[in-house]
Visitor: 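Below you'll find the structure I mean.
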Amino acid sequence: MKKSLTLAFLALAFFASCKTSTNPEQGQTLHLISSNQDTSSVASGPVEFTLTVLDRSNYGVGGAYIDFYDPIQLRQRHEGPTPADGTISIFDTIAASSGGGSFAFSFVATYSGATSSTALEKWVQSVDIRPWAIDSLGVNSYSWGEIGVQWKRPAEDMGTDTVIVLMESSLETFLAPYPQNSLVFTSEAGLVDSISVHNLYNSSRTLAWAATETYQDINLYERGDSNYDSYSGFLLSDGEVLPVTSTDGDGTLVDLILATDPANGGSGASLISPSMSSLTGIFGGKVTRLYHPVQFIDSTGGLGLRELYYTEDISQIIKNESPTFSIPLPDSSKYSTAFIVVTQDKHYAQVCVRPVTHDWQGHLTATVSVSYQPD
(Lines give C-alpha, C1' and ligand atoms only; values in the text may rest on other atoms or scores of the structure.)
Protein backbone atom coordinates (compact mmCIF):
# COMPACT_ATOMS: atom_id res chain seq x y z
CA MET A 1 0.00 0.00 0.00
CA LYS A 2 1.76 3.08 -1.17
CA LYS A 3 0.26 6.48 -1.47
CA SER A 4 2.21 9.46 -2.37
CA LEU A 5 1.39 12.95 -1.21
CA THR A 6 3.73 15.50 -2.84
CA LEU A 7 3.95 19.25 -2.22
CA ALA A 8 6.46 21.47 -4.05
CA PHE A 9 7.46 24.77 -2.43
CA LEU A 10 10.55 26.46 -3.80
CA ALA A 11 12.33 29.77 -3.61
CA LEU A 12 14.25 31.69 -6.28
CA ALA A 13 16.51 34.60 -5.46
CA PHE A 14 18.17 36.70 -8.12
CA PHE A 15 21.13 39.01 -7.84
CA ALA A 16 21.23 42.03 -10.13
CA SER A 17 23.54 44.91 -10.86
CA CYS A 18 23.45 47.66 -13.44
CA LYS A 19 26.24 47.85 -16.00
CA THR A 20 26.59 49.10 -19.53
CA SER A 21 27.40 47.38 -22.77
CA THR A 22 28.16 48.66 -26.23
CA ASN A 23 25.88 47.61 -29.04
CA PRO A 24 28.26 46.58 -31.82
CA GLU A 25 25.60 47.23 -34.44
CA GLN A 26 24.40 50.63 -33.27
CA GLY A 27 27.47 51.91 -31.47
CA GLN A 28 25.22 52.88 -28.59
CA THR A 29 25.71 52.48 -24.88
CA LEU A 30 22.74 50.57 -23.46
CA HIS A 31 21.73 49.79 -19.90
CA LEU A 32 21.35 46.18 -18.90
CA ILE A 33 18.25 44.53 -17.52
CA SER A 34 17.50 44.43 -13.79
CA SER A 35 15.43 41.94 -11.81
CA ASN A 36 13.19 42.81 -8.86
CA GLN A 37 12.36 39.27 -7.82
CA ASP A 38 11.57 39.24 -4.11
CA THR A 39 14.56 37.46 -2.61
CA SER A 40 13.12 37.09 0.90
CA SER A 41 9.81 35.36 0.29
CA VAL A 42 9.15 31.75 -0.59
CA ALA A 43 7.23 31.07 -3.77
CA SER A 44 4.82 28.17 -4.04
CA GLY A 45 4.43 26.36 -7.33
CA PRO A 46 4.84 28.83 -10.22
CA VAL A 47 7.65 31.34 -9.89
CA GLU A 48 7.35 34.88 -11.27
CA PHE A 49 10.16 37.34 -11.77
CA THR A 50 10.17 40.68 -13.59
CA LEU A 51 12.76 42.19 -15.90
CA THR A 52 13.04 45.91 -16.58
CA VAL A 53 14.80 47.60 -19.50
CA LEU A 54 16.26 50.64 -17.79
CA ASP A 55 16.88 52.69 -20.93
CA ARG A 56 13.93 52.06 -23.22
CA SER A 57 14.70 54.79 -25.73
CA ASN A 58 17.00 52.59 -27.69
CA TYR A 59 14.28 50.10 -28.54
CA GLY A 60 11.78 52.34 -30.27
CA VAL A 61 8.01 52.12 -30.04
CA GLY A 62 8.11 48.37 -30.45
CA GLY A 63 9.75 47.91 -27.04
CA ALA A 64 12.39 45.34 -26.20
CA TYR A 65 12.19 41.61 -26.67
CA ILE A 66 13.70 39.32 -24.05
CA ASP A 67 15.54 36.26 -25.28
CA PHE A 68 16.87 33.66 -22.87
CA TYR A 69 17.47 29.99 -22.36
CA ASP A 70 15.22 28.62 -19.63
CA PRO A 71 17.30 26.13 -17.59
CA ILE A 72 14.18 24.94 -15.78
CA GLN A 73 12.03 24.17 -18.81
CA LEU A 74 15.15 23.36 -20.86
CA ARG A 75 14.14 25.46 -23.86
CA GLN A 76 14.77 28.77 -25.59
CA ARG A 77 12.21 31.49 -24.85
CA HIS A 78 11.37 34.74 -26.66
CA GLU A 79 9.21 37.08 -24.58
CA GLY A 80 7.96 40.55 -25.40
CA PRO A 81 7.72 43.20 -26.45
CA THR A 82 8.02 44.99 -23.14
CA PRO A 83 5.17 47.37 -22.30
CA ALA A 84 5.53 51.13 -22.04
CA ASP A 85 7.29 51.00 -18.68
CA GLY A 86 9.86 48.57 -20.03
CA THR A 87 8.96 45.89 -17.47
CA ILE A 88 7.94 42.37 -18.40
CA SER A 89 6.98 39.47 -16.14
CA ILE A 90 8.42 36.02 -16.75
CA PHE A 91 6.59 32.98 -15.37
CA ASP A 92 8.16 29.62 -14.62
CA THR A 93 7.36 26.50 -12.64
CA ILE A 94 9.83 24.28 -10.85
CA ALA A 95 8.61 20.73 -10.34
CA ALA A 96 9.55 18.75 -7.26
CA SER A 97 10.87 16.03 -9.56
CA SER A 98 13.66 18.36 -10.67
CA GLY A 99 15.25 17.95 -7.26
CA GLY A 100 16.03 21.64 -6.93
CA GLY A 101 19.46 23.07 -7.50
CA SER A 102 20.93 26.33 -8.81
CA PHE A 103 19.61 27.80 -12.03
CA ALA A 104 21.46 30.49 -14.02
CA PHE A 105 19.68 32.69 -16.57
CA SER A 106 21.26 34.79 -19.29
CA PHE A 107 18.78 37.44 -20.45
CA VAL A 108 19.30 39.34 -23.71
CA ALA A 109 17.27 42.38 -24.78
CA THR A 110 16.89 43.09 -28.49
CA TYR A 111 14.79 45.62 -30.37
CA SER A 112 12.30 44.78 -33.08
CA GLY A 113 14.04 43.81 -36.28
CA ALA A 114 17.46 43.38 -34.70
CA THR A 115 19.69 40.86 -36.41
CA SER A 116 21.95 40.31 -33.42
CA SER A 117 21.20 39.45 -29.81
CA THR A 118 24.56 40.55 -28.40
CA ALA A 119 23.56 44.13 -27.86
CA LEU A 120 22.31 43.83 -24.30
CA GLU A 121 23.08 41.03 -21.90
CA LYS A 122 22.51 40.39 -18.21
CA TRP A 123 23.40 37.28 -16.23
CA VAL A 124 21.12 36.47 -13.33
CA GLN A 125 22.23 33.70 -10.99
CA SER A 126 19.75 32.09 -8.61
CA VAL A 127 20.51 30.85 -5.15
CA ASP A 128 20.14 27.18 -4.36
CA ILE A 129 16.42 26.41 -4.53
CA ARG A 130 16.65 22.85 -3.33
CA PRO A 131 13.35 22.04 -1.61
CA TRP A 132 13.23 22.39 2.13
CA ALA A 133 12.72 18.67 2.23
CA ILE A 134 12.10 16.53 5.26
CA ASP A 135 14.62 13.74 4.93
CA SER A 136 15.68 10.75 6.98
CA LEU A 137 12.07 9.75 7.62
CA GLY A 138 12.12 6.54 9.62
CA VAL A 139 9.40 4.29 11.02
CA ASN A 140 9.33 1.36 13.39
CA SER A 141 6.99 -1.13 15.00
CA TYR A 142 6.88 0.61 18.34
CA SER A 143 4.84 -1.71 20.52
CA TRP A 144 1.55 -3.54 20.47
CA GLY A 145 -0.71 -1.65 18.08
CA GLU A 146 1.64 1.35 17.75
CA ILE A 147 3.98 2.77 15.10
CA GLY A 148 6.85 5.14 15.81
CA VAL A 149 7.88 7.90 13.37
CA GLN A 150 10.95 10.11 13.43
CA TRP A 151 12.36 12.55 10.91
CA LYS A 152 15.02 15.21 10.44
CA ARG A 153 13.92 18.83 10.11
CA PRO A 154 15.77 21.08 7.65
CA ALA A 155 17.32 24.16 9.27
CA GLU A 156 14.60 26.43 7.87
CA ASP A 157 11.77 24.34 9.31
CA MET A 158 10.87 25.92 12.64
CA GLY A 159 7.11 25.65 12.36
CA THR A 160 4.58 22.90 13.02
CA ASP A 161 5.08 19.73 10.99
CA THR A 162 2.17 17.46 10.16
CA VAL A 163 2.34 13.67 10.10
CA ILE A 164 -0.25 12.27 7.69
CA VAL A 165 -1.24 8.63 8.05
CA LEU A 166 -3.40 6.92 5.45
CA MET A 167 -4.96 4.03 7.32
CA GLU A 168 -7.14 1.24 6.00
CA SER A 169 -10.27 3.38 5.69
CA SER A 170 -9.37 6.79 7.10
CA LEU A 171 -6.87 9.62 7.00
CA GLU A 172 -5.34 10.71 10.30
CA THR A 173 -3.20 13.79 10.92
CA PHE A 174 -0.91 14.50 13.87
CA LEU A 175 0.70 17.89 14.60
CA ALA A 176 4.32 18.20 15.71
CA PRO A 177 5.22 21.76 16.85
CA TYR A 178 8.87 22.81 16.56
CA PRO A 179 11.28 21.29 17.56
CA GLN A 180 9.40 17.98 17.79
CA ASN A 181 10.64 15.47 15.22
CA SER A 182 9.14 12.19 16.40
CA LEU A 183 5.85 10.74 17.58
CA VAL A 184 4.05 7.48 18.23
CA PHE A 185 0.51 6.81 17.00
CA THR A 186 -1.94 3.97 17.48
CA SER A 187 -2.65 1.64 14.59
CA GLU A 188 -4.44 -1.65 14.21
CA ALA A 189 -1.96 -4.53 14.28
CA GLY A 190 -1.74 -6.39 10.98
CA LEU A 191 -2.80 -3.45 8.81
CA VAL A 192 -0.38 -1.38 6.76
CA ASP A 193 -0.42 2.41 7.02
CA SER A 194 1.09 4.90 4.56
CA ILE A 195 3.02 7.55 6.49
CA SER A 196 4.47 10.90 5.40
CA VAL A 197 5.55 14.13 7.12
CA HIS A 198 4.89 17.64 5.80
CA ASN A 199 6.17 21.08 6.70
CA LEU A 200 5.17 24.46 5.32
CA TYR A 201 7.44 24.07 2.32
CA ASN A 202 7.67 20.45 1.29
CA SER A 203 6.86 16.84 2.09
CA SER A 204 8.77 13.70 2.88
CA ARG A 205 8.62 10.48 0.95
CA THR A 206 5.83 8.07 1.92
CA LEU A 207 6.59 4.87 3.81
CA ALA A 208 4.35 1.84 4.33
CA TRP A 209 4.48 0.18 7.73
CA ALA A 210 2.48 -1.95 10.18
CA ALA A 211 2.15 -2.05 13.94
CA THR A 212 3.25 -4.95 16.14
CA GLU A 213 1.64 -7.95 17.77
CA THR A 214 3.53 -9.53 20.69
CA TYR A 215 3.25 -13.14 21.78
CA GLN A 216 4.35 -13.73 25.35
CA ASP A 217 6.22 -16.81 26.63
CA ILE A 218 5.78 -19.09 23.63
CA ASN A 219 6.94 -22.65 24.24
CA LEU A 220 9.42 -23.93 21.71
CA TYR A 221 8.42 -27.02 19.80
CA GLU A 222 10.60 -30.02 20.52
CA ARG A 223 10.53 -32.92 18.12
CA GLY A 224 8.49 -35.77 19.48
CA ASP A 225 6.71 -33.57 21.99
CA SER A 226 3.06 -34.57 22.34
CA ASN A 227 2.14 -31.57 24.46
CA TYR A 228 -0.67 -29.91 22.49
CA ASP A 229 -0.42 -26.81 24.65
CA SER A 230 3.03 -25.99 23.29
CA TYR A 231 2.29 -23.07 21.02
CA SER A 232 5.31 -22.58 18.80
CA GLY A 233 3.93 -21.88 15.33
CA PHE A 234 2.97 -18.46 13.94
CA LEU A 235 0.14 -17.98 11.45
CA LEU A 236 0.98 -14.42 10.54
CA SER A 237 -2.02 -13.54 8.37
CA ASP A 238 -4.43 -14.19 11.26
CA GLY A 239 -2.13 -13.07 14.05
CA GLU A 240 -2.37 -16.46 15.74
CA VAL A 241 -0.02 -18.71 17.66
CA LEU A 242 -0.79 -22.38 16.99
CA PRO A 243 0.29 -25.64 18.63
CA VAL A 244 2.76 -27.65 16.60
CA THR A 245 3.92 -31.22 17.20
CA SER A 246 5.59 -33.81 15.04
CA THR A 247 2.54 -36.04 15.08
CA ASP A 248 -0.35 -33.59 14.97
CA GLY A 249 -1.19 -29.95 15.45
CA ASP A 250 -1.12 -27.21 12.86
CA GLY A 251 2.34 -27.63 11.39
CA THR A 252 1.13 -27.29 7.79
CA LEU A 253 -0.71 -24.03 8.52
CA VAL A 254 1.92 -21.90 10.23
CA ASP A 255 4.43 -19.55 8.59
CA LEU A 256 7.17 -19.83 11.24
CA ILE A 257 8.18 -22.33 13.89
CA LEU A 258 10.31 -21.84 16.99
CA ALA A 259 12.14 -25.13 17.36
CA THR A 260 14.99 -26.77 19.19
CA ASP A 261 18.03 -27.04 16.95
CA PRO A 262 20.87 -29.35 18.04
CA ALA A 263 23.08 -27.78 15.35
CA ASN A 264 22.92 -24.45 17.18
CA GLY A 265 25.65 -24.64 19.78
CA GLY A 266 24.42 -21.46 21.44
CA SER A 267 20.89 -21.47 22.80
CA GLY A 268 20.04 -24.74 21.04
CA ALA A 269 17.06 -23.03 19.42
CA SER A 270 16.32 -21.49 16.02
CA LEU A 271 13.45 -19.84 14.23
CA ILE A 272 12.71 -22.07 11.26
CA SER A 273 10.67 -22.25 8.10
CA PRO A 274 8.06 -25.04 8.44
CA SER A 275 9.48 -26.54 5.23
CA MET A 276 12.56 -27.75 7.16
CA SER A 277 11.18 -31.19 7.88
CA SER A 278 14.58 -32.43 9.10
CA LEU A 279 14.15 -30.29 12.20
CA THR A 280 10.38 -30.14 12.54
CA GLY A 281 9.41 -33.67 11.57
CA ILE A 282 6.54 -32.05 9.66
CA PHE A 283 6.07 -32.64 5.95
CA GLY A 284 4.24 -30.32 3.60
CA GLY A 285 4.92 -27.23 5.69
CA LYS A 286 4.96 -23.76 4.18
CA VAL A 287 8.13 -22.37 2.64
CA THR A 288 9.05 -19.19 4.51
CA ARG A 289 12.22 -17.28 3.67
CA LEU A 290 14.22 -15.54 6.38
CA TYR A 291 16.51 -12.67 5.51
CA HIS A 292 19.79 -11.44 6.84
CA PRO A 293 21.34 -9.30 8.06
CA VAL A 294 20.20 -10.40 11.49
CA GLN A 295 20.17 -7.53 13.97
CA PHE A 296 20.96 -8.23 17.59
CA ILE A 297 19.18 -5.78 19.85
CA ASP A 298 20.10 -5.02 23.43
CA SER A 299 17.28 -6.74 25.29
CA THR A 300 17.97 -5.28 28.73
CA GLY A 301 15.73 -2.31 28.03
CA GLY A 302 12.97 -4.47 26.62
CA LEU A 303 12.47 -2.18 23.63
CA GLY A 304 12.41 -4.85 20.93
CA LEU A 305 11.46 -3.68 17.45
CA ARG A 306 11.00 -0.09 18.56
CA GLU A 307 14.79 0.31 18.50
CA LEU A 308 14.91 -0.25 14.72
CA TYR A 309 13.89 2.69 12.55
CA TYR A 310 13.77 2.02 8.81
CA THR A 311 13.85 4.56 6.00
CA GLU A 312 12.60 2.05 3.41
CA ASP A 313 9.62 -0.26 3.12
CA ILE A 314 10.46 -3.82 4.14
CA SER A 315 10.31 -4.98 0.51
CA GLN A 316 13.15 -2.58 -0.31
CA ILE A 317 15.32 -3.52 2.66
CA ILE A 318 15.85 -7.12 1.54
CA LYS A 319 16.77 -6.33 -2.06
CA ASN A 320 19.95 -8.14 -3.10
CA GLU A 321 19.89 -10.17 0.11
CA SER A 322 19.97 -13.98 -0.02
CA PRO A 323 17.30 -15.81 2.00
CA THR A 324 17.85 -18.58 4.49
CA PHE A 325 15.39 -20.96 6.12
CA SER A 326 16.71 -20.96 9.67
CA ILE A 327 18.12 -18.30 11.97
CA PRO A 328 19.88 -19.59 15.10
CA LEU A 329 19.04 -17.68 18.28
CA PRO A 330 21.96 -16.55 20.48
CA ASP A 331 22.89 -18.01 23.83
CA SER A 332 22.69 -14.72 25.64
CA SER A 333 20.23 -12.99 27.91
CA LYS A 334 21.44 -9.63 26.57
CA TYR A 335 20.26 -9.82 22.99
CA SER A 336 17.01 -10.04 21.14
CA THR A 337 17.19 -11.22 17.52
CA ALA A 338 15.45 -9.27 14.75
CA PHE A 339 15.12 -10.06 11.05
CA ILE A 340 12.67 -10.00 8.14
CA VAL A 341 10.67 -12.90 6.71
CA VAL A 342 8.76 -13.36 3.47
CA THR A 343 5.91 -15.83 3.70
CA GLN A 344 5.00 -18.40 1.08
CA ASP A 345 2.22 -16.11 -0.17
CA LYS A 346 4.79 -13.29 -0.53
CA HIS A 347 3.79 -11.18 2.43
CA TYR A 348 6.33 -9.53 4.69
CA ALA A 349 6.93 -9.53 8.42
CA GLN A 350 9.49 -8.10 10.77
CA VAL A 351 10.20 -10.45 13.67
CA CYS A 352 11.95 -9.97 17.01
CA VAL A 353 12.65 -12.92 19.33
CA ARG A 354 13.54 -12.11 22.91
CA PRO A 355 16.22 -14.20 24.66
CA VAL A 356 15.33 -17.86 25.04
CA THR A 357 14.68 -18.85 28.67
CA HIS A 358 13.52 -21.91 30.64
CA ASP A 359 10.21 -22.05 32.47
CA TRP A 360 9.64 -23.78 35.82
CA GLN A 361 9.09 -27.10 34.02
CA GLY A 362 12.35 -26.77 32.12
CA HIS A 363 10.68 -26.03 28.79
CA LEU A 364 12.35 -23.55 26.45
CA THR A 365 10.22 -20.42 26.00
CA ALA A 366 10.55 -17.07 24.25
CA THR A 367 8.60 -13.86 23.74
CA VAL A 368 8.16 -12.90 20.07
CA SER A 369 7.06 -9.61 18.47
CA VAL A 370 5.80 -9.64 14.89
CA SER A 371 5.01 -6.75 12.57
CA TYR A 372 3.10 -8.44 9.74
CA GLN A 373 2.64 -6.45 6.55
CA PRO A 374 0.02 -8.01 4.28
CA ASP A 375 0.41 -5.48 1.42
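Because only heavy atoms are used, hydrogens play no part in the values below, and waters and symmetry mates are left out as well, while side chains stay in. Numbering starts at 1 and runs along the sequence shown.
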Visitor: Is there a side-chain contact between Tyr348 and Val341 (heavy atoms, below 4.5 Å)?
Guide: no
Visitor: Under 3.5 Å, is there a donor-acceptor pair between the side chain of Asp161 and the main chain of Tyr178?
Guide: no
Visitor: Measuring from atom OG1 of Thr162 to atom CG of Leu175, what distance do you get when rounded to the nearest 0.5 angstrom?
Guide: 5.0 Å
Visitor: Hey, are the side chains of Val254 and Pro274 touching, using non-hydrogen atoms and a 4.5 Å cut-off?
Guide: yes
Visitor: When rounded to the nearest 0.5 angstrom, what distance separates CD in Glu188 from CD in Glu146?
Guide: 14.0 Å
Visitor: Looking at Arg289 and Glu321, is any side-chain nitrogen of the basic one under 4.0 Å from a carboxylate oxygen of the acidic one?
Guide: no
Visitor: Supply the atom-to-atom distance Ile147 CD1 to Ser371 OG, rounded to the nearest 0.5 angstrom.
Guide: 7.0 Å
Visitor: Can you measure from CD (Gln150) to CG (Asn181) and round to the nearest 0.5 angstrom?
Guide: 7.0 Å
Visitor: Please tell me if the side chains of Asp193 and Leu166 come closer than 4.5 Å, counting only heavy atoms from C-beta onward.
Guide: no
Visitor: So which heavy atom on Ala349 is nearest to which on Leu236, and how close?
Guide: CB-CD1, 3.8 Å
Visitor: In sequence, state the C-alpha distance, the side-chain angles, and the governing distance for Tyr372 and Ser237, and then conclude on side-chain contact (heavy atoms from CB on, under 4.5 Å).
Guide: CA-CA 7 Å; Tyr372 177 65; Ser237 59; 3.8 Å; yes
Visitor: Main chain of Thr367, side chain of Arg354: is a donor-acceptor contact present, judged purely on distance under 3.5 Å?
Guide: no
Visitor: Could you go through Val353 and Leu271, starting from their C-alpha distance and side-chain angles, then the distance that decides it, and tell me whether this counts as side-chain contact (heavy atoms from CB on, under 4.5 Å)?
Guide: CA-CA 9 Å; Val353 184; Leu271 192 137; 3.9 Å; yes
Visitor: Just by distance, with hydrogens left out, do Asp255 and Thr343 show a side-chain donor and acceptor under 3.5 Å apart?
Guide: no
Visitor: Heavy atoms only: give me the nearest Ala208-Asp313 pair and the separation to one decimal.
Guide: N-OD1, 2.8 Å
Visitor: Answer whether the closest heavy-atom distance between the side chains of His347 and Val342 falls below 4.5 Å.
Guide: no
Visitor: What do you reckon, are the aromatic ring centroids of Phe339 and Tyr291 less than 6.0 Å apart?
Guide: no
Visitor: With under 30° as parallel and over 60° as perpendicular, where do the rings of Phe174 and Phe185 fit, or are they tilted in between?
Guide: parallel
Visitor: Would Asp70 and Arg75 pass as an ion pair if we require N to O under 4.0 Å?
Guide: no
Visitor: Applying side-chain contact (heavy atoms from CB on, under 4.5 Å) to Leu235 and Asp250, what does each step give before you reach the verdict?
Guide: CA-CA 9 Å; Leu235 178 57; Asp250 296 316; over 6 Å; no
Visitor: Is Tyr309 reachable from Val294 through a run of hydrophobic residues whose side-chain heavy atoms are each under 4.5 Å from the next?
Guide: no
Visitor: Within a strict 4.5 Å, meaning less than it, do heavy atoms of the Val370 and Tyr215 side chains meet?
Guide: yes
Visitor: Is a side-chain N or O of Lys286 found less than 3.5 angstrom from the main chain of Ser273, in a donor-acceptor match?
Guide: no
Visitor: Identify which one of Thr173, Thr206, Ile195, Val197 satisfies the side-chain contact (heavy atoms from CB on, under 4.5 Å) criterion when paired with Ile164.
Guide: Thr173
Visitor: If every non-hydrogen atom of Asn199 is compared with every non-hydrogen atom of Pro154, which pair is closest and at what distance?
Guide: ND2-CG, 3.9 Å
Visitor: Is the shortest heavy-atom distance from the side chain of Val163 to the side chain of Leu183 under 4.5 Å?
Guide: yes
Visitor: Output the distance between atom CD1 (Ile272) and atom CZ (Phe325), rounded to the nearest 0.5 Å.
Guide: 12.5 Å
Visitor: How close do Leu137 and Arg205 get, heavy atom to heavy atom, and via which atoms?
Guide: CD2-O, 3.3 Å
Visitor: Could you tell me if Ser267 and Asp331 have a donor-acceptor pair between their side chains, going purely by distance under 3.5 Å?
Guide: no
Visitor: Give me the atom names and distance for the closest heavy-atom approach of Ser369 to Thr214.
Guide: OG-OG1, 3.2 Å
Visitor: Going by heavy atoms in the side chains, are Phe296 and Pro330 under 4.5 Å from each other?
Guide: yes
Visitor: Any sub-3.5 Å donor-acceptor pair from Gln180's side-chain atoms to Ser182's backbone N or O?
Guide: yes
Visitor: Examine the side chains of Ser141 and Trp209 and answer whether a donor and an acceptor come within less than 3.5 Å of each other.
Guide: yes
Visitor: I'd like to know if the side chain of Tyr65 pairs up with that of His78 as donor and acceptor (distance under 3.5 Å, no hydrogens or angles considered).
Guide: no
Visitor: Side-chain heavy atoms under 4.5 angstrom apart, residues restricted to Ile, Leu, Val, Met, Phe, Trp, Tyr: same cluster for Val149 and Val165?
Guide: yes
Visitor: Shared ILVMFWY cluster between Val184 and Leu191, side chains joined below 4.5 angstrom?
Guide: no
Visitor: Distance only, no hydrogens: is a donor on one side chain within 3.5 Å (strictly under) of an acceptor on the other, for Thr357 and Thr365?
Guide: yes
Visitor: Quick check against the 3.5 Å criterion: does Asn140 have a side-chain atom that pairs as donor or acceptor with the backbone of Arg306?
Guide: yes
Visitor: Does a side-chain heavy-atom distance below 4.5 Å link Leu279 with Pro262?
Guide: yes
Visitor: In Å, rounded to the nearest 0.5 Å, how long is the span from CZ of Phe234 to CG of Leu253?
Guide: 14.5 Å
Visitor: Taking all atoms of both residues into account, what is the closest heavy-atom pair of Ser275 and Val287, and its distance?
Guide: CB-CG2, 3.8 Å
Visitor: Pair Val351, Ile340 - check side-chain contact (heavy atoms from CB on, under 4.5 Å), show working.
Guide: CA-CA 6 Å; Val351 178; Ile340 294 169; over 6 Å; no
